[in-house]
Amino acid sequence: MKPYNYEDIERRWQKNWFDSKIYESKRNDKQKFFIHFAYPGVSGYLHVGHMRGFTYCDIIARYKRMQGYNVLFPAGFHASGIPSIGFAKKVERKDPITINSLREYGLSDEEIEKLKDPYEVVKYFGNVYVEDYWKRFGFLIDYSRSMSTISPGYKKFIQWQFYKLKEKNLLVQKQHYAPFCPNCGPVAVDKSETDISTGGNAEILEFTVIKFLMDDGTILPAATLRPETIFGVTNMWVNPDVVYVKIKIMGEIWICSREAARKLNYQYDDVEIIDEEIPGTHLIGKKCRIPIVDREVPILPGIFADPEVATGIVMSVPAHAPYDYIALVETGEPIKPITIIDIPELGEKPAAKVCDELNIHSQKETEKLDEATDIVYKKEFHTGVLNDLCMEYAGMKVSSAKEEIKDRLLSSNQALTMREFSEEVICRCGEKVVIKQIPDQWFIKYSDEKLTNESIKHVEKMNIYPIEYKEELPGVLEWFDDRACIRKGSWLGTEFPFKEGWIIEPISDSTLYPIYYIISKYVNEGKLLAMDMTEKFFDYIFLGKGTAKDALWGEIRGDVLYWYPVDINLGGKEHKTVHFPVFIMNHVAILPEEMRPNGIFVHWWVTQKGKEKISKSKGGVTHIAEAAKIYGVDAMRLYYSHVGSPFVDIEWDPSTVIIYKNRLANLYSLIYNILSIDGGENKHIDRWLKSMLNRRIKNIVEAFDEYNLRVAANEIFFEMQKDINWYIKRGGKNKTILQYYVESWLKMMTPITPHIAEELWHIRYESFISNAEFPTYDEKLFSMEDEIKEDLLQGLIEDIQEILKVTKITPKRICIYTTPKWKQTVTKKIFELEGKGKLDMSNLMREILTDEDMKKKAKEISKFAGKIINEMRKIQDKQRYTIDIDETIFLKEETSYLESLFNCDIEIYPADSKDIYDPKGKSSFASPFRPAIYIE
RNA sequence: GCAGGGGUAGCCAAGUCUGGUCAACGGCGACAGACUCAAGAUCUGUUCCUGUAGAGGUUCAGGAGUUCGAAUCUCCUCCCCUGCACCA
């Protein structure tokens, strides 16, 4: 036996597979299967967590290929968008973590220098992904079709997609608000903080700015997230320490903070400061009128009114807003809060009650006040109802009144909307990021009713794993709104064909791409140039419109018809609400029905202990190549497929991976041992093994067919090993059947652990097991009788062990009493009658008592039958009880096995024979499949 | 807020759709034994409670219900996690 040197084994077989190009897919007569994973963004080195989904994809692809499908499994890179630029920027500003990781990976300073260029970043990582990750894991990806989304050909493809969307009226222009830096232009607010230095978690909030009219006609604009509380306004708050400004906006005169004026200027046209100096103190004591309710309220000093937030002016609703309540208490003004929302839990004065509970006394206790605000808001929003003070809105739920009141204020020009970040966002240049209006932003109209409905209808026909996601999808599609599809700024991608200088954003350029894998092969071979990829070309090859310009067009059209649609698009759960919906909708929008996707497979994540994201600082192995070295690729593949179902998050746990590694090493030597066994046949146990093998194959094929990868892995790597161990333990040593078993077993291991399987296969064979046919089962080889016998024996052994455990006897002799004939007859009869649906006590007794001998035992029989009938309910596999086996003969044959097991004398007696040794009268307990036992 | 997923023995994690073979797959950890100079690996057994005869008792977040029978079905409550759009 050669030692199990997994690294050598992996490298050797990978080289052999790739040298003989078994991964390349070509059109032929066989049925096709097209699978791919959502291509990864290019954002740096990946870690072991990312390999989970890729591995699932390879397992499925390999299984399908062994089942005789012509499998297409391509892969590419999603290079568009921010990530590669972000990476290049980090290199440029010498971000120490980034530079360090590159050095650690073995890059020279010159090589690092080159990565200041985002295109170099894509090139470099593209290579790392293919060579160090995918090939290193033995994936039979069709590498001849590799592609990236920033290649010239891909861009032509995306432009074609947008021509088609336009044709179908699915591109629309409307107003939009986007993050913007006054110095740098458009910026992205995202968690990776590529463009910005703080505020990656910020959300855009929509404030309603309500216009309060002062005596002199000036407007005091108060911003709120709760317009429905307008009925409870008792006063206004301005900050006495702030100097406000007077502005002209859309023909009106407003007073607001300087910061607010700046922000409004980006969201509305014609904003102009006309008076620089309105100290807050000058406003205090004046009055203004509340719209709708038309009541006059005083302006009071409130130091919590932050000039940085919205307009810097706050309307006061002390009954329902903790900040307002506390401020009112602090000013000592004799103003009574006006309660306008009925909510039993919080009583008459909700804000006061919660402030009291949290023990808040000052406007400066912002943390507690925020908590109080949150509590009141949530309760009121969900369960609150507006009361009699709210005019025609009385009795309405807060959640619906809110929208109605807001719409009324907006449409009557008594308010407008102002967008604001939930937290401060600072650009990398140091400037504050604002929200800017884009009057004519292009959108993909995913809200389109026809498109939505057709997509929902298509989902019904799809194979979606897990099923829960299939049920969720219609709701997601319904909810999916128009999506801004282009932007300006630092961003890689395809030029938008209808507006110069704008780039298509990366969600929108990654929806239809699986079809591009069909042509990327010709691009890579140099047969197809970007300049030839005209609208006519795509129309012809994808839609069959027009005529083929040349033979190549015809060939590609043939490929498209053969390979498309996609059978499985596999991706992580992060894709559920964005990528998969647009993947479906773009196919539905553009391609004919027969080319729409057949299936989606969603997998969950690998997390660090305690549900954290994997990171090196937390002790996770980041580099995939490093992990491959420590654990071995097959061990990792087995770990991914077995440690949990694909539809739960799994925790990365190095010690568990080691267990799998040991398990494989063990399996490796076990198989060598099995193959060295050279013995003759033993009819019963040989038939048993054959029966079990066929049963396992059935289970495994069924599991794989439903992509139940964990079940398949469990059967192959655990149950089958248990079976073969039992066979050997029971004295099985039939060389022919062992050989056959191992060969079938190796084939079934191949999708999950291809390297070790290939290695062991080559002990006897020259061909690739990766190209072999997956085993099939033959139900005729199921042998119920032999299985029952082994079950009987196992049950007996367990019973003896339990008795030994409880009694702590060291056995000198064990007597086993098999079932008396009559009990077997009665049991069989019961199951027979049950099968015919005629089971009842009188029927049973009538039939049994036709036998004269039985009549003598009538009383005993009825008692026993009653017990069996009662127990029978629990038994599902009833068929096996109708099979007759002679327990005595069988167990007598196995006496020597039992003797070696318990190291004492074993005596087998039929319970109904006259001449037996039974000092404790145990034999009366014997029943079918449950021999009685006496130990001394 | 909107939407989705989940809570199973010391831990991880199957089972839930299709109720009965479920004291509940598998793995880890722990304990005992074998092997070994030793360690590791491997193998055997035990691991909810009780029990000197293969049994009984109490469990699957909590509560209520349906049923001959519920981890599985229904309703309510509590707790945890995830996604939400110009980030991929």
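Naming: A, B, ... by sequence-line order, numbering from 1 per chain.
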Of the nucleotides [options], which one has an atom closest to the side chain of [X]?
X	options	answer
A:Lys922	B:A53, B:U82, B:A14	B:A53
A:Val648	B:U82, B:G51, B:A13	B:A13
A:Glu719	B:A53, B:C25, B:A85	B:C25
A:Glu468	B:A85, B:G6, B:C25	B:G6
A:Trp491	B:A88, B:G54, B:U52	B:A88
A:Asn714	B:G26, B:A88, B:G51	B:G26

Which part of the nucleic acid does [X] contact within heavy-atom distance under 4.0 Å: base, sugar-phosphate only, or nothing?
X	answer
A:Phe647	nothing
A:Phe480	base
A:Ile467	nothing
A:Val476	nothing
A:Glu472	sugar-phosphate

Under the ring pair (Phe, Tyr, Trp, His ring centres under 6.0 Å) test, residues paired with A:Phe207 that sit two or more places apart: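 A:Phe207: no ring pair (Phe, Tyr, Trp, His ring centres under 6.0 Å) contacts found.
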Check ring pair (Phe, Tyr, Trp, His ring centres under 6.0 Å) between A:His603 and all other residues, then give those that pass, not counting sequence neighbours.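 Per chain and number, A:His603 pairs via ring pair (Phe, Tyr, Trp, His ring centres under 6.0 Å) with no residue.
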Check the distance between [N]'s [atom2] and [X]'s [atom1] and give it to me in whole angstrom.
X	N	atom1	atom2	answer
A:Tyr639	B:G26	OH	C1'	15 Å
A:Met585	B:A85	CE	P	15 Å
A:Phe902	B:A53	CZ	C1'	14 Å
A:Tyr660	B:A13	OH	P	12 Å
A:Glu798	B:A55	CD	P	11 Å
A:Arg483	B:A85	CZ	P	9 Å

So, is [X] near the phosphate of [N], with a side-chain N or O under 4.0 Å from OP1 or OP2?
X	N	result
A:Lys808	B:A53	no
A:Arg930	B:A55	yes
A:Thr656	B:C28	no

So, do A:Phe718 and B:G27 meet the stacking rule of ring centres under 5.5 Å and planes under 30°?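 It does not: the two rings, one from A:Phe718 and one from B:G27, miss the stacking criterion.
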Counting only Watson-Crick or G-U wobble pairs whose two distances fall under 3.5 Å, which nucleotide matches B:U36?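 Across any shown strand, B:U36 pairs with none.
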Less than 6.0 Å separating the ring centroids of A:Tyr668 and A:Tyr672?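 Ring centres of A:Tyr672 and A:Tyr668 closer than 6.0 Å.
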Validation row, ring centre A:Tyr513 to ring centre A:His36 under 6.0 Å: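 Yes - the distance between ring centres of A:Tyr513 and A:His36 falls below the 6.0 Å cut-off.
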Could you run through nucleotides 40-49 of chain B and give me one letter per nucleotide, 5' to 3': B if any protein heavy atom sits under 4.0 Å from the base, S if only the sugar-phosphate is that close, - if neither? -SSS---S--
Of the options A:Ile814, A:Ile935, A:Leu898, which is the one that meets A:Cys904 in a side chain to side chain contact (heavy atoms under 4.5 Å, CB included)?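 For A:Cys904, the side chain to side chain contact (heavy atoms under 4.5 Å, CB included) test succeeds with only one of A:Ile814, A:Ile935, A:Leu898, which is A:Ile814.
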With no hydrogens and no angle check, just 3.5 Å: does a side-chain donor-acceptor pair link A:Tyr934 and A:Arg813?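 Side-chain D/A pair, A:Tyr934 to A:Arg813: absent.
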Rounded distance (nearest 0.5 Å) linking atom NZ of A:Lys499 with atom CG of A:Asp440: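 Rounded to the nearest 0.5 Å, the NZ-CG separation comes out at 4.0 Å.
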